[in-house]
Q: 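Please read through the structure below; I'll follow up with questions.
Not measured: the values here are computed from a predicted model.
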Amino acid sequence: DRVLFAAVDCTGHGVPGAFMSLVAHNSLNQAVKEFGRDSPERILKELDRIAFSTLHRDRSEGAIRDGMDMALCAYTPATRMLEYAGANAPLYVLRAGEVLIFPPNKNTIGSFAMDGGDILGHRVPLHPGDMVYLFSDGYADQFGGPRGKKFLYRRFRELLIEIGGLPMEQQHDKLRHTFRTWRQGHEQVDDILVIGMRA
């Protein structure tokens with residue numbers, strides 16, 4: 001009766017990035033399955049504790065600066081209640097042609113600053129037909145277009161408004177096509193993840 005889903009973006013590339021992905025996966029499973037955390041704020045808090053202790057266990061060998069950005073949601077379909085908490089990754093809800101932005105906590109999971117701090121969560125009653133979007137920063141950060149500039153979040157939100165009424169598969173195709181057209185031969189700068197859910 002309750003669905004958990006998340007968009008996670010681990011910093012670092014190569015071996016550090018792969019290590020962070022393993023930490024993220026194992027920490028998320030541990031927080032939910034072993035410790036029974038069920039609200040996004042509590043899960044993120046537990047995740048930060050686990051990741052922080054894993055990454056900074058032996059500080060004498062130098063601190064690891066990598067962490068993870070995450071948007072985490074718990075959705076109850078029967079009531080259309082969406083709970084959200086984020087670490088440097090916002091939640092967008094598209095409703096009646098307008099993008100509602102729910103801000104995240106500014107620190108990444110596993111960072112020094114987040115350890116011991118409070119995590120802010122949001123409860124969002126969804127309306128029938130609302131679109132929920134979680135995403136990494138890769139789409140907005142991509143260079144391209146006629147001047148070789150970043151796509152940026154403003155353009156990303158305009159695109160979501162344009163495609164939000166389409167079936168999910170068509171939204172996927174439009175996102176992919178727009179990205180490829182924008183990139184225009186520029187190298188892809190980052191991994192890209194966009195998750196969409198219709199209430």
Q: Can you confirm whether L134 sits close enough to C73 that some side-chain heavy atom of one is under 4.5 Å from a side-chain heavy atom of the other?
A: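 They are in contact (side-chain heavy atoms under 4.5 Å apart), so the answer is yes.
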Q: Taking all heavy atoms of Q170 and all of L166, pick out the closest pair and write down the distance.
A: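 Looking at all heavy atoms of both residues, the closest pair is OE1-CD2, 3.7 Å.
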Q: Is there a path of hydrophobic side-chain contacts, each under 4.5 Å between heavy atoms of I, L, V, M, F, W or Y residues, that connects I109 with I195?
A: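 No: no chain of side-chain contacts under 4.5 Å links I109 to I195.
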Q: Tell me whether R42 contacts the main-chain N or O of A31 through its side chain, where contact means a donor paired with an acceptor under 3.5 Å.
A: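 Pair absent, no side-chain N/O of R42 close to backbone of A31.
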Q: So E98 and R95, salt bridge (charged side-chain N to carboxylate O under 4.0 Å, His left out) or not? Walk me through it.
A: CA-CA 5 Å; E98 179 185 0; R95 176 179 297 160; over 6 Å; no
Q: Any side-chain heavy atom of K174 sitting closer than 4.5 Å to one from L159?
A: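 Yes; the side chains approach each other to less than 4.5 Å.
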Q: Please list, one pair per line, the donor and acceptor atoms closer than 3.5 Å that link side chains of residues 139-148 to other protein atoms, with sequence neighbours excluded.
A:
{"from": "Y139", "atom 1": "OH", "to": "L175", "atom 2": "O", "distance (Å)": "2.7"}
{"from": "Y139", "atom 1": "OH", "to": "F179", "atom 2": "N", "distance (Å)": "3.3"}
{"from": "Q142", "atom 1": "OE1", "to": "V189", "atom 2": "N", "distance (Å)": "3.1"}
{"from": "Q142", "atom 1": "NE2", "to": "E187", "atom 2": "O", "distance (Å)": "3.0"}

Q: Any chance you could measure L160, atom CG, to M131, atom CE, to the nearest 0.5 Å?
A: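 Between atom CG of L160 and atom CE of M131 there are 8.0 Å.
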Q: Within a reach of under 6.0 Å around CZ of R2, are more than 12 heavy atoms found that belong to other residues, nucleotides or ligands?
A: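 Check passes, neighbour count above 12.
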Q: Is I161 linked to M168 within one hydrophobic cluster, defined over Ile, Leu, Val, Met, Phe, Trp and Tyr using a side-chain heavy-atom separation of less than 4.5 Å?
A: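 Yes, it is one cluster - the side chains of I161 and M168 are joined through contacts under 4.5 Å.
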Q: Is there a continuous path of hydrophobic side-chain contacts, each under 4.5 Å between heavy atoms, that joins L94 to V194?
A: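 In one cluster with L94: V194, yes.
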Q: Nearest 0.5 Å, what's the CG-CD1 distance between L72 and I43?
A: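 The CG atom of L72 sits 5.0 Å away from the CD1 atom of I43.
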Q: Testing the basics here: between G121 and A85, what is the closest heavy-atom pair and its distance to 0.1 Å?
A: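 The pair with the smallest heavy-atom distance is CA-CB, 4.3 Å.
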Q: Under 4.5 Å between any side-chain heavy atoms of M70 and L47, yes or no?
A: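 The answer is yes; the side chains approach within 4.5 Å.
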Q: Which distance, rounded to the nearest 0.5 Å, do you find between the CG of L44 and the CG of L120?
A: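 Going from the CG atom of L44 to the CG atom of L120 covers 11.0 Å.
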Q: About how many Å separate CD1 of I119 and CD of E41, when rounded to the nearest 0.5 Å?
A: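 The CD atom of E41 sits 8.5 Å away from the CD1 atom of I119.
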Q: Run the numbers on Y92 and L100 for side-chain contact (heavy atoms from CB on, under 4.5 Å), then give the verdict.
A: CA-CA 6 Å; Y92 285 178; L100 309 177; over 6 Å; no
Q: How close do D190 and G138 get, counting heavy atoms only, and between which atoms?
A: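 Closest heavy-atom pair between D190 and G138: CB-CA, 4.0 Å.
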Q: Could you give the distance from NE2 (H25) to SG (C10), rounded to the nearest 0.5 Å?
A: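 If we round to the nearest 0.5 Å, H25:NE2 and C10:SG are 11.0 Å apart.
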Q: Does one hydrophobic cluster hold both Y75 and L193, with members joined at side-chain heavy-atom distances below 4.5 Å?
A: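 Yes, it is one cluster - the side chains of Y75 and L193 are joined through contacts under 4.5 Å.
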Q: What pair of heavy atoms forms the shortest contact from Q171 to I163, and how long is it?
A: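 Shortest heavy-atom separation between Q171 and I163 comes out as CG-O, 3.2 Å.
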Q: For Y84 versus A71, what's the shortest heavy-atom pair and its separation?
A: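 Nearest pair, atom of Y84 first, then A71: CE1-CB, 3.9 Å.
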Q: Within the 4.5 Å heavy-atom criterion, are Y133 and F156 side-chain neighbours or not?
A: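 Heavy-atom side-chain distance check fails, nothing below 4.5 Å.
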Q: Contact between H122 and L91 at the side-chain level, heavy atoms closer than 4.5 Å - yes or no?
A: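 Answer no - side chains too far apart.
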Q: Please step through side-chain contact (heavy atoms from CB on, under 4.5 Å) for the pair M197 and V3, ending with a clear verdict.
A: CA-CA 12 Å; M197 181 201 80; V3 181; over 6 Å; no
Q: Hey, does V93 have a side-chain heavy atom less than 4.5 Å from the side chain of L126?
A: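 Sidechains of V93 and L126: in contact.
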Q: Can you tell me how far CZ of R155 sits from NZ of K149, rounded to the nearest 0.5 angstrom?
A: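 So the gap between those two atoms works out to 11.0 Å.
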Q: With heavy-atom distances below 4.5 Å as the criterion, would you say the side chains of R80 and D130 are in contact?
A: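 Of all side-chain heavy-atom pairs linking D130 with R80, none is under 4.5 Å.
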Q: For the backbone of N107 and the side chain of N88, can you confirm whether one donor and one acceptor N or O come within less than 3.5 Å of each other?
A: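 Judged by distance alone, no pair lies under 3.5 Å.
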Q: Please report the shortest heavy-atom distance between P90 and F135, naming the atom on each side.
A: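 Scanning both residues, the minimum pair turns out to be CG-CZ, 3.8 Å.
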Q: With a cut-off of 6.0 Å (strictly less than), are more than 12 heavy atoms of other residues, nucleotides or ligands near NE2 of H186?
A: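 Atom NE2 in H186 is crowded, with more than 12 foreign heavy atoms closer than 6.0 Å.
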